[in-house]
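Note sheet for the following structure.
Just so it is clear, the values below take in all heavy atoms, side chains as well, and ignore hydrogens, waters and symmetry mates. A quick note: this is a predicted structure, and the numbers were derived from the prediction, not measured.
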Amino acid sequence: MPTLDVSELNIVIAVLGAFIISYGFLSVKIKSVWYLGEALPAVMVGIILGPIAARFLSAERWGSAEEGQQEAITLGLCRIVIGVQLVIAGFQLPAKYQAYNWKEMAICLLPVMTVMWICTSLCILITIPKLSFLAALVIGSCVTCTDPILSQAVAKGPFSDKYVPRALRELISSEAGANDGFGFPFLLLATYLIRHADLANVDFKETASAAVEGAAHLLKREAEVGRLGGGVGKAMEAWVVEGWIYIIIMSVAIGIIIGYGSMYAINFGLRRKWIDSESFLLWPTAIGLFTIGICGMMGTDDLLACFVAGNALNWNGQYLEETEKRHDEVNSSMDVILNFGGFMYIGTIIPWRDFQMPDVTGISVGRLMILGFLVLLFRRIPAIFLTYKIMPRCVKDWKEALFMGYFGPIGIGAVFYVEHTRHLFPKPGEAMTEEEDNLTRAMIPVVYWLVIFSIIVHGLSIPALDAIYRWKGVPPIIEAEPTEIRALSVHAPIPNNGYANPKRKSIIVHNRFSRPISTGPEIMRWHSRDSHSTLHEENVDYGQKLDYLRRNDGAAPGHIRE
């Protein structure tokens with residue numbers, strides 16, 4: 001007999017489907033006109049329907065509805081959402097991108113991330129009371145990485161199609177993919193310095209005799225969390241062996257093996273026409289799931305392995321070239337679905353009550369607001385300004401450095417790191433020191449606040465920047481030799497920096513992100529003197545195109561080679 005089954009599974013599926021339908025109906029307006037992307041609307045829907053507002057969605061009621069299950073659900077969901085998208089981000093870069101741009105990547109992953117980590121930790125130390133410097137370093141490491149999902153939206157979004165040079169977009173995309181997995185050394189260094197601190201200098205919560213007994217007990221269980229002692233030497237040994245050799249190097253090796261193996265397998269299968277289009281286009285998703293599972297079982301860095309696997313998959317450029325020939329919309333659709341589900345979930349689990357607990361953690365909304373703006377200004381911009389002049393091929397001047405420094409959003413990657421950090425320390429109230437208790441109580445509200453702050457601020461920054469560009473009359477980027485793609489339907493929207501050629505039934509796209517190889521015409525920068533001479537040398541009517549762009553909001557006349 002029919003019954004009304006208002007279970008959590010049915011509610012979640014219905015809400016997700018309704019949101020995708022509603023968003024999809026206005027997707028061109030939202031993405032290409034309002035520049036709001038997917039993250040901000042999804043988070044807002046999650047907040048509205050979450051346990052604080054409408055109380056319609058609550059992760060605590062999912063599955064077995066047991067206490068403490070939300071942490072495991074969050075960590076697992078973040079791993080899947082980020083891991084699959086990192087494989088996609090990796091193969092969408094040009095062939096051998098990491099080899100051609102090794103210097104820029106080394107700068108972004110070592111000095112830039114180190115400065116970001118220290119600056120962020122100092123901002124946390126200044127604004128959040130009751131934290132030691134090492135505790136601030138732990139929390140700072142969780143938000144040091146730029147979020148790969150939000151950064152991909154910046155690098156590949158409609159606004160960047162019009163105004164951000166391709167070399168800078170590729171660097172932002174590659175850096176975000178690599179540094180999200182590269183954050184473990186910073187987290188583990190701060191964690192090991194706390195865990196292996198000299199016990200003689202540690203202030204335990206109990207009496208001196210109880211502290212000695214507790215320390216002796218802890219030394220016997222070195223595999224567990226808590227104070228283990230050993231000093232700085234022991235901490236550095238564990239950091240090098242576990243953090244770098246096992247987690248980082250092992251993850252890179254796993255990613256290379258899976259990615260290279262897939263590349264050769266695909267090449268072999270394509271020559272014999274064994275792989276159909278559906279299986280071919282779903283390959284990155286399968287690689288992501290497989291890599292996440294393998295690294296999870298081995299306890300290595302699955303995020304870094306996924307990004308390396310994606311790069312290795314397209315190391316010869318053939319995979320990306322073949323996906324373009326097959327008009328791949330599968331991987332972009334996977335991106336959208338994962339973004340919707342992931343960010344809507346984040347909206348439902350934000351710990352609003354923890355943002356105002358001055359008597360327990362010393363945290364208040366006022367302090368968090370100050371922290372948000374300090375992190376926005378000092379987390380990334382100083383690091384980029386200190387290093388951009390040694391990356392001239394990708395970052396040409398201070399304006400591009402400011403764009404790269406400002407748009408380093410914090411998102412699901414930070415949620416992944418803070419949920420992983422839960423497993424590295426005792427639960428709040430169960431630690432033997434006040435330092436660890438203060439850390440575990442403060443890290444959840446601080447990280448989640450910075451995530452929601454970044455999603456809102458960076459999500460609204462692109463529309464604001466577009467309004468400024470329109471007001472200043474900044475024209476879109478055009479190329480001497482733009483990319484020509486076949487129009488699949490007369491009803492498909494034209495890209496922001498493109499225009500249709502009805503005679504050839506094609507679309508001409510300027511500053512297109514995706515390209516199988518790195519060679520090709522240099523992007524024209526309007527503020528560069530060389531761009532004027534180059535355009536004239538290529539027999540391009542610069543004045544006509546510029547006038548047309550201003551009058552038609554970026555739709556340029558055709559420059560097509562028959």
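- A pairwise comparison of heavy atoms in Ile30 and Gly37 identifies CG2-O, 3.5 Å as the closest pair.
- A pairwise comparison of heavy atoms in Ala414 and Val451 identifies CB-CG2, 3.8 Å as the closest pair.
- Using cut-offs of 30° and 60° on the angle between ring planes, the pair Phe159 and Phe403 is parallel.
- Side-chain atoms of Arg380 do not come within 3.5 Å of backbone N or O of Tyr406 as any donor-acceptor pair.
- Summarising the geometry, atom CD1 belonging to Ile477 is positioned 8.5 Å from atom CD belonging to Glu479; distances are rounded to the nearest 0.5 Å.
- A pairwise comparison of heavy atoms in Val45 and Met344 identifies CG1-CE, 4.1 Å as the closest pair.
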Start with the C-alpha gap between Glu419 and Thr74, add the side-chain angles, then the distance that decides, and say whether side-chain hydrogen bond (donor to acceptor under 3.5 Å, both in side chains) holds. CA-CA 7 Å; Glu419 294 297 340; Thr74 304; 4.7 Å; no
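- In this structure, the separation between CD1 on Ile462 and OH on Tyr163 is 11.0 Å, given to the nearest 0.5 Å.
- Ser173 places a side-chain heavy atom less than 4.5 Å from the side chain of Gln152.
- Closest non-hydrogen pair, Arg379 versus Thr144, comes out as NH2-O, 3.3 Å.
- In Phe378, the CZ atom is not crowded: 12 or fewer heavy atoms of neighbouring residues, nucleotides or ligands sit closer than 6.0 Å.
- Taking the side chain as every heavy atom from C-beta outward, Phe186 and Thr120 never approach each other to under 4.5 Å.
- Of the possible polar contacts, one joining the Arg367 side chain to the Thr127 backbone as a donor-acceptor pair under 3.5 Å is found.
- With hydrogens and angles ignored, the 3.5 Å screen pairs no side-chain donor or acceptor of Asp335 with any backbone N or O of Gln85.
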Derivation of the side-chain contact (heavy atoms from CB on, under 4.5 Å) call for Tyr417 and Leu75:
CA-CA 9 Å; Tyr417 272 103; Leu75 183 60; over 6 Å; no
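- Between Tyr23 and Val336 there is no side-chain heavy-atom pair separated by less than 4.5 Å.
- For the pair Lys162 and Ser160, the minimum side-chain heavy-atom distance is 4.5 Å or more.
- Using a 30° and 60° split on the angle between ring planes, Phe407 and His458 fall in the tilted class, from 30° to 60°.
- Remark: side-chain polar atoms of Asp354 are not paired, donor with acceptor, to backbone N or O of Pro445 under 3.5 angstrom.
- Between atom SG of residue Cys394 and atom CE of residue Met404 there is a gap of 8.0 Å, rounded to the nearest 0.5 Å.
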| request: Carefully, step by step, assess Tyr35 and Asn496 under the rule side-chain contact (heavy atoms from CB on, under 4.5 Å). | output: CA-CA 11 Å; Tyr35 297 109; Asn496 267 20; 3.0 Å; yes
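- A donor-acceptor pair under 3.5 Å is absent between the side-chain atoms of Ser151 and the main chain of Pro148, judged by distance alone.
- Within the 3.5 Å criterion, the main-chain N or O of Leu150 finds a donor-acceptor partner in the side chain of Asp147.
- The shortest distance between side-chain heavy atoms of Leu187 and Val138 falls below 4.5 Å.
- A donor-acceptor contact shorter than 3.5 Å is absent between the side chain of Asn314 and the backbone of Gln92.
- Looking at Phe385 and Leu402, their side chains come closer than 4.5 Å, going by heavy atoms from C-beta outward.
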> Going through the checks in order, is the side-chain contact (heavy atoms from CB on, under 4.5 Å) test met by His327 and Ile485?
Replying inline: CA-CA 10 Å; His327 305 286; Ile485 59 177; over 6 Å; no
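- Looking only at distances, no side-chain donor or acceptor of Ser174 sits under 3.5 Å from a matching main-chain atom of Leu171.
- Side-chain N or O atoms of Asn511 include one that pairs as donor or acceptor with a backbone N or O of Arg166 at under 3.5 Å.
- Results of the side-chain contact (heavy atoms from CB on, under 4.5 Å) test with Ile444 over Val418, Ile139, Thr421 single out Val418 as the only residue that passes.
- Exactly one residue among Tyr319, Phe307, Tyr97, Trp315 makes a ring pair (Phe, Tyr, Trp, His ring centres under 6.0 Å) with Phe91. That residue is Tyr319.
- Once rounded to the nearest 0.5 Å, the distance linking CG of Leu368 with CD1 of Ile128 reads 5.0 Å.
- In this structure the side chain of Ile52 never reaches within 4.5 angstrom of the side chain of Ile47, judged on heavy atoms.
- Met116 and Ala383 make their closest contact through CG-CB, 4.0 Å (heavy atoms, listed as atom of the first residue, atom of the second, distance).
- The CD atom of Glu170 sits 10.0 Å away from the NZ atom of Lys156 when rounded to the nearest 0.5 Å.
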Would Phe416 and Asp302 count as a side-chain contact (heavy atoms from CB on, under 4.5 Å) here? Give the steps. CA-CA 11 Å; Phe416 164 82; Asp302 44 9; 4.2 Å; yes
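- In Phe373, the CZ atom is not crowded: 12 or fewer heavy atoms of neighbouring residues, nucleotides or ligands sit closer than 6.0 Å.
- A donor-acceptor contact shorter than 3.5 Å is absent between the side chain of Trp117 and the backbone of Gly140.
- Atoms CD and CZ, from Glu38 and Phe19 in turn, are 8.5 Å apart once rounded to the nearest 0.5 Å.
- Taking every heavy atom of both residues into account, Pro495 and Ile507 meet most closely at CD-CG2, 3.8 Å.
- Val87 has its side chain out of reach of Thr285: every pair of non-hydrogen atoms, C-beta onward, lies at least 4.5 Å apart.
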